[in-house]
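Here the structure is laid out as structure tokens; the discussion comes afterwards.
Heavy-atom basis, side chains included; hydrogens, waters and symmetry copies ignored. In listed order, ligands and their atoms are each counted from 1.
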Amino acid sequence: MTVTMPRPALSVRNPRTGLLDAQILPADAATIDALSSQLRAAQPDWEAIGPQARDECMRALADAIERNEAALLAALAADTGRLALSRMEIGAVCGMLRRWADIAPQLMPAGEARRASASPGVELAGRSLPYPLVGAISPWNFPLLLAMIDAVPALAAGCAVIVKPSEVTPRFIAPLRDAIRQVPAIEAVCAVIEGDGATGAALVGAVDYLCFTGSVATGRKVAETAARSLVPVSLELGGKDPLVVLAGSDPRTAARIALRASCANAGQACQSIEHVIVHRSLEADFLDALVRGAEEVTLNVGDIADGTIGPFIHAPQAGIVQAQIDQAVAAGASVLCGGTVEMIGGGHWLRPTVLTGCTRDMAILREETFGPVMPVTPFDSEDEAAALANAGDFGLSAAVIGRDADSALRFARRIEAGAVSIMDAGLTTSVWDAEKSAFGISGIGPSRMGPGGLLRFLRRQAFIIQTGTPQPLAAYGENAPPGG
Ligand code: NAD
């Protein structure tokens, strides 16, 4: 008999104070197995009630989340150290639940009548079936939103779901569970579990489809574990998004866009702009406007409800970002503003940082930074701009600003990334119906946005009906007449 010991509690750090002021009990493999049996037993009823009834439940969950907003907001603010974006996350998840509730009934395939096959004497029928149990593993940068972004369409498709948020930001799990508990039909098929990487690894093999959002390094591990269990996966991984500012653009508008798209959430977003590639004719004006804008940004130290950017949510990330900046400077890059992580009140903070003179051999241009850092590189020709934008292995998203949308769109067709924002940047955060793939090492699997976000959770089952005379074995023998 195998006896598994419960896993010890893990302490959770507060990003504003540095104090270990929360704990989680990471779910172990035995807990996940028991939970998955329970959810699998409930899933057929959830599937059977049909899309309209499921959608009513999802609207009820949105209402319950709104009723729990105060508790959820307090927990998310403690998890992330920032308030306004936490409020936005809650609003975004309620919007997501209602949006999928609106569109899922039209997306769910209708029953199919028997029809003729292209093969003589054969008729076909078929149906689409949800994967019974979907797993979702999520990161710490938008804890609630990214915990639910795959779970909601999976529920809409009729799947049961186990969500495993990051151990870095788990305080929101309790109030989210409270909201889920208020909708018993969803509680029966949706569990949110506490845990770390080991919990995540145990979840991968316990489900029928796994959605992972996180780093490239962990994504590779998840893909390996999933391959061993032959579990299909969607991986939404890191990025190194470029913003190209073409000749003829307005440099001040471009600087305003770059600042927002690089520094929102203190740069802790997969679609953050991490390299600005600007036409040499605009470079001086662009840098001047960018640095002036960057210097006006305030840290929301002290009063959490005041200031523009919050702390590093995960303390080790501050060290990674500082090391990239220091390495770039040691190799010849210049810091025009920011550049030094400050320790204030136990949290780690970085003011918007503008760098020039960065080269491809520096980690700051090769690796994901995940901080409010803007390396700016000038270009002379569009060929050069395309080469700079396409350098490296990431391909999550990108942005192009030009004289007008048409010229920016023309250039955007040269960019190898799954989504390109035109005349703005980071539009994938707010636009939900643009289907896209992650290119390169930024991910694999169908689009999570648009109809594909739900349809990926359905499998096809074909019924192939013989209406004529089944063939005898002799039809496959050496003496069978040519052509059958
Ligand atoms: P991470 O890869 O360290 O962790 C993500 C999740 O994986 C966590 O829940 C963690 O507990 C779990 N995990 C760790 N080891 C595991 C294992 N062996 N098996 C299964 N699960 C495991 O990522 P992070 O640091 O939390 O998040 C930041 C990263 O997420 C960045 O690279 C960012 O770009 C990426 N991200 C991508 C998107 C996207 O949509 N493409 C969105 C947000 C964040």
Tell me the contacting part of [X] for ligand 1: side chain, backbone, both, or neither, using a 4.0 Å heavy-atom threshold, strictly below.
| X | value |
| --- | --- |
| Arg448 | side chain |
| Glu368 | side chain |
| Asn141 | side chain |

Exercise. When the ring planes of His314 and Trp140 are compared, do they come out parallel, tilted or perpendicular, using 30° and 60° as the limits?
Worked result: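 Tilted: the ring planes of His314 and Trp140 meet at 30° to 60°.
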Problem set entry | Closest approach of any protein heavy atom to atom 41 (N) of ligand 1, naming residue and atom |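 Sorting protein heavy atoms by distance from atom 41 (N) of ligand 1 puts Leu237 O, 2.7 Å first.
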Problem set entry | atom 25 (O) of ligand 1: the protein heavy-atom neighbour that sits closest, reported with distance to 0.1 Å |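 For this ligand atom, the closest protein heavy atom is Trp140 NE1, 2.9 Å.
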For this session: Would you mind checking if Asp178 and Arg181 are paired as a salt bridge, meaning a charged N to carboxylate O distance below 4.0 Å?
Result: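 Between Asp178 and Arg181 there is a salt bridge, with a charged N closer than 4.0 Å to a carboxylate O.
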Exercise. Is Arg99 salt-bridged to Asp433, going by a charged N under 4.0 Å from an acidic O?
Worked result: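 No, this pair does not count.
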Of the choices [options], which has the non-hydrogen atom that lies closest to [atom]?
| atom | options | result |
| --- | --- | --- |
| atom 19 (N) of ligand 1 | Ala202, Pro165, Ala201 | Ala201 |
| atom 30 (O) of ligand 1 | Gly443, Gly214, Ala147 | Gly214 |
| atom 14 (C) of ligand 1 | Gly197, Ala438, Ser397 | Gly197 |
| atom 23 (O) of ligand 1 | Ser215, Gly200, Gly219, Ser138 | Ser215 |
| atom 22 (C) of ligand 1 | Thr218, Leu210, Val163 | Thr218 |
| atom 27 (O) of ligand 1 | Gly418, Pro139, Ala223, Ala198 | Pro139 |

Exercise. What do you reckon, does Phe142 put a non-hydrogen atom under 4.0 Å from ligand 1?
Worked result: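 No.
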